[in-house]
Amino acid sequence: MISVLAALAAALLASAAGTDIICDPNSLNTTSFNYVNDIANQTVYEMAVKFNRGVCDIGRANLMVDVSVVPNVGQTIIIPGEVCNPDWTTCVIDGPGTNDCLIGGPRLYYTLNGDTLWKIAGRLNMTLDAVQCGGNGCNTNTTCTNGICPGGGGSQYSANETIPAGQFIKIPMCYPSVCEIEPYSFSSGVYKDLADEYGSTVGQIQMLSPTYNYSYIAKEGGTAPPIGLPKNCRLLSSNYTILD
C-alpha cells in the first residue's frame, strides 16, 4: 500500500528539485512567524504547502512527535523561514514496519489526533497485523472497553480509520526484550531523529510521554520539554514469544 503522504511528499520534492538550481536566497522570505491553526483537521502537510515550507522543517521547528499528527484548532505552530531546499522526506515514517511485537515495550499506546492503525504500526516499526490483531490473530468479537482496546484493537478499527484521540491500545510485546530509559530534555528535532539515534521507535518515545505532541515555546526561549527516552531497545534472545 502506497502512503498518500509519501506520494504528496515525493511530488513536492520533485517540484522543488526542478527549481533548486535557480533558487535565489535573496528572494526567500526567511522570517519565521507564529501561525494559530484555525482550520479543523488541517494537517501539517497542508500548512507546509500553504506557506511554501518543508513539512520536516515545520516539524523540527516545533519539536513534533510526528508530522502526521493533526494539530488541534487553536494550537500555535512556528512557521520557519523559507529555504532553497525544503525538507519533505527526512522526518517521514512511510507506513508499517516489519516486527511482529514491540521490542522492549511498553504496553499501552495512547492515541493522538489523526491516528490510524497504519500510522501507529509505522511509529512502532511493527506490522499492521501485529498492531491490529495482536499475537493471537484477529478476533472479530473484540471491542474496546473504557477506552482500552485489547490486541491492538482487533476489528474495532480498520487500517486507515481515524481513531479518536485519547484511546489506550494494547500493543503485543516481545519476550524477552528490554529498553533502557532515561530522562531527556527534548530541545531539537522530531521524535524520529531521537529514535534513529538512540535505537528505539517514535511510538515508544511517544508512549512514555503520552500527552505530548509538540512545543513551540521551547524554540522561543522557553524550557525544553522533559520526556522519557527509551534507548538501546533489543531482544535478549533469538527465540522469543509474543505477550499479548
Side-chain angles (χ1 to χ4, degrees), residues 1 3-5 37 39-47 55 59 62-75 77 91-97 99-135 138-139 142-173 179 186 190-192 194-195 200-215 225 227-230 233 243-244:
M1 181 175 182
S3 166
V4 174
L5 296 181
N37 181 36
I39 301 175
N41 299 315
Q42 179 176 218
T43 67
V44 181
Y45 289 82
E46 290 168 337
M47 292 180 189
V55 69
N62 292 277
L63 303 177
M64 289 184 175
V65 167
D66 181 17
V67 293
S68 72
V69 176
V70 178
N72 293 313
V73 170
Q75 286 188 337
I77 305 295
C91 69
V92 175
I93 304 169
D94 189 19
N99 294 333
D100 55 5
C101 50
L102 186 58
I103 298 173
R107 173 66 159 156
L108 293 178
Y109 178 95
Y110 183 83
T111 57
L112 296 178
N113 200 31
D115 271 0
T116 65
L117 292 179
W118 180 267
K119 291 179 183 179
I120 294 169
R123 290 182 197 150
L124 294 172
N125 190 29
M126 292 173 61
T127 67
L128 178 61
D129 283 348
V131 171
Q132 186 174 32
C133 306
C138 284
N139 178 353
T142 296
T143 57
C144 296
T145 303
N146 296 325
I148 298 181
C149 306
S155 62
Q156 185 78 7
Y157 302 107
S158 60
N160 291 299
E161 179 182 355
T162 300
I163 303 170
Q167 298 289 305
F168 283 101
I169 295 179
K170 291 181 180 179
I171 301 299
M173 299 180 294
C179 291
F186 183 32
V190 291
Y191 272 13
K192 185 176 184 298
L194 298 181
S200 58
T201 68
V202 169
Q204 286 171 301
I205 303 171
Q206 180 183 335
M207 291 159 84
L208 292 182
S209 300
T211 60
Y212 177 85
N213 63 6
Y214 86 111
S215 174
I227 61 172
L229 180 64
C233 298
L243 300 182
D244 182 21

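Residue indices begin at 1 and follow the sequence shown.
Remark: D115 engages R123 in a salt bridge, criterion side-chain N to carboxylate O under 4.0 Å.
Taking CD of Q42 as the start and CE of M47 as the end, the distance is 4.5 Å to the nearest 0.5 Å. Interatomic distance, NZ of K192 versus OG1 of T201, reported as 12.0 Å (0.5 Å rounding).
A donor-acceptor pair under 3.5 Å links the side-chain atoms of S200 to the main chain of P230, judged by distance alone. No side-chain donor-acceptor contact under 3.5 Å links D100 to the backbone of A130. At least one donor-acceptor pair under 3.5 Å links the side chain of Q204 to the backbone N or O of G105.
Side-chain atoms of I120 and T111, non-hydrogen and from C-beta on, do get closer than 4.5 Å to each other. Residues I39 and E46 are not in side-chain contact: their nearest non-hydrogen atoms beyond the backbone lie 4.5 Å or more apart. Within the 4.5 Å cutoff, the side chain of P106 has heavy atoms near those of the L208 side chain. Side-chain contact check for T116 versus E161: every heavy-atom pair is 4.5 Å or farther apart. In this structure the side chain of K119 never reaches within 4.5 angstrom of the side chain of L124, judged on heavy atoms.
Contact record, M126 with P96: O-CB, 3.5 Å, taken as the closest heavy-atom pair. Heavy atoms only, all atoms of each residue included: P164 and Y157 are closest at CD-OH, 3.8 Å. Here the shortest heavy-atom pairing between P210 and Y110 reads O-CD2, 3.2 Å. Of all heavy-atom pairs between I171 and V131, the closest is CD1-CG1, 4.3 Å. Closest non-hydrogen pair, M207 versus R107, comes out as CE-C, 3.9 Å. When every heavy atom of Y45 is checked against every heavy atom of V67, the shortest pair comes out as OH-CG2, 3.5 Å.
When each of N160, L128, D129 is checked for a side-chain contact (heavy atoms from CB on, under 4.5 Å) with L117, only L128 meets the rule. Exactly one residue among N72, T162, N41 makes a side-chain hydrogen bond (donor to acceptor under 3.5 Å, both in side chains) with N113. That residue is N72. With respect to V69, the side-chain contact (heavy atoms from CB on, under 4.5 Å) criterion is satisfied by exactly one of L112, T43, V44: L112.
Using modelled atom types, one finds a donor on one side chain and an acceptor on the other under 3.5 Å when comparing D66 with S68.
Aromatic ring orientation, Y191 versus F186: tilted (interplanar angle from 30° to 60°).
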Could you give me the CA-CA distance, side-chain angles and deciding distance for Y109 and Q206, then say whether side-chain hydrogen bond (donor to acceptor under 3.5 Å, both in side chains) is met? CA-CA 8 Å; Y109 178 95; Q206 180 183 335; 2.8 Å; yes
